[in-house]
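One structure is given here, and the rest of the page talks about it.
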Amino acid sequence: MPELPEVEVTRLSFADRIKDAQIVSVRMGKPLRWPLGCDVDLLHGRWVRGVRRRGKYLLLDLDEGLLLLHLGMSGSLAFSDATSAPGAHDHFDMVTTQGTLRLHDPRRFGAVVFAAEQTSSVVQKLLGHLGVEPLTEAFELRAFHAGLRTRSAPIKQVLLAGDLVVGVGNIYASEALFMAGIRPTTRASKIGLERAGRLHRAIQDVLRRAVQQGGSTLRDFSNAQGQTGYFQLEAMVYGRENQPCRTCGTPIQSIRQGQRATYFCPQCQKP
DNA sequence: AAAAGCCCCTGGATGC
DNA sequence: TGCATCCAGGGGCTTT
């Protein structure tokens with residue numbers, strides 16, 4: 001579920017409340033993708049200084065060290081009643097002086113990892129290879145185009161790889177490529193400056209709009225306040241196989257790229 | 001270096 | 001109703 005917009009919406013929904021909270025206790029449930037990397041007792045008494053986002057990772061800066069949190073495919077965070085017993089899929093509870101943050105993640109592709117410092121090897125391993133943040137000034141067209149030029153893989157998969165630009169997952173890759181009029185199978189290296197410019201704008205536009213809409217709720221995404229997203233209602237191609245293109249009426253096609261569904265309009269999107 | 005495939009895991013939808 | 005199969009928003013790791 002969670003791509004950049006959902007992760008950012010999640011961050012915005014709990015960052016203010018958790019900032020400057022003191023951790024009272026931490027409970028881990030079933031194993032997530034990786035072990036926490038420290039004893040939970042080590043976290044007790046630490047202060048949360050702020051919450052950042054890097055790609056699809058949430059970074060909780062503590063007075064000493066930080067927590068890297070990933071929602072995987074099915075994760076969501078919520079403030080929970082401190083007295084409510086954890087459900088079968090609640091695998092991380094962080095009780096703080098400002099409320100209890102709970103990670104619900106049925107598929108357990110998510111993760112909560114402690115790093116003693118910003119330069120820890122685990123931070124480097126998880127974040128070191130990430131590309132540029134698309135909603136910052138650092139996302140510059142020339143560099144983006146230059147990056148595309150060096151890749152022979154289909155553009156959809158280059159976007160998903162996250163080492164050129166981060167945060168674009170399966171939904172927003174299809175949507176951005178539709179907006180840019182580019183066929184997802186087009187090799188990245190074949191995209192000229194003009195089309196790269198359209199894609200560059202489309203990525204920023206679609207991600208910004210999705211954040212404004214509270215993200216996409218396909219199955220069960222909600223932010224830490226329990227609110228669902230609405231962007232899925234605006235999807236031009238994602239999940240719309242065989243339905244008429246909202247622009248030209250041609251049936252939307254679905255193909256598989258790298259074990260994932262891709263949707264596009266064969267008329268509006270050129271190879 | 002880059003690309004392609006393989007998994008991790010559970011639940012819901014679909015088909016027989 | 002029961003059971004098998006397929007699919008799902010991610011991404012690190014291994015192999016080519």
Considering every strand and a 4.0 Å limit on heavy-atom distances, what is the contact class for [X]: base, sugar-phosphate, or nothing?
{"X": "A:Tyr57", "answer": "sugar-phosphate"}
{"X": "A:Arg256", "answer": "sugar-phosphate"}
{"X": "A:Arg33", "answer": "base"}

Task: Residues in salt bridge (Lys or Arg N to Asp or Glu O under 4.0 Å) contact with A:Asp20, at least two apart in sequence or another chain - done: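 Testing A:Asp20 for salt bridge (Lys or Arg N to Asp or Glu O under 4.0 Å), a comparison that skips the adjacent residues, returns A:Arg49.
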
Open item on the list: Given 3.5 Å as the limit, does a donor-acceptor pair link the side chain of A:Arg102 with the main chain of A:Phe79, or not?
Closed with: no

Nucleotide nearest [X] (side chain, heavy atoms from C-beta), chosen from [options]:
{"X": "A:Gln157", "options": "B:dA4, B:dC9, C:dG10", "value": "B:dA4"}
{"X": "A:Arg107", "options": "C:dG11, C:dG12, B:dT10", "value": "B:dT10"}
{"X": "A:Ala153", "options": "B:dC6, B:dA3, C:dG10", "value": "B:dA3"}

- [ ] Quickly, which of A:Glu3, A:Arg209, A:Glu6 forms a side chain to side chain donor-acceptor pair (under 3.5 Å) with A:Tyr172? Name it, please.
- [x] A:Glu6

Task: Where DNA chain B forms stems, i.e. three or more consecutive Watson-Crick or G-U pairs with both distances under 3.5 Å - done: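 Only these stems qualify: B:2-8 with C:10-16, B:10-16 with C:2-8.
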
Task: Span that lies between the P atom of C:dC3 and that of B:dC9, in whole angstrom - done: 23 Å

TODO: Take A:Arg108 and A:Ser152, find for each the nucleotide of DNA chain B with the closest heavy atom, and name the residue whose nucleotide sits nearer the 5' end.
DONE: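 Closer to the 5' end of DNA chain B: A:Ser152.
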
Open item on the list: Would you say A:Lys125 places a side-chain N or O within less than 4.0 Å of OP1 or OP2 belonging to C:dG12?
Closed with: no

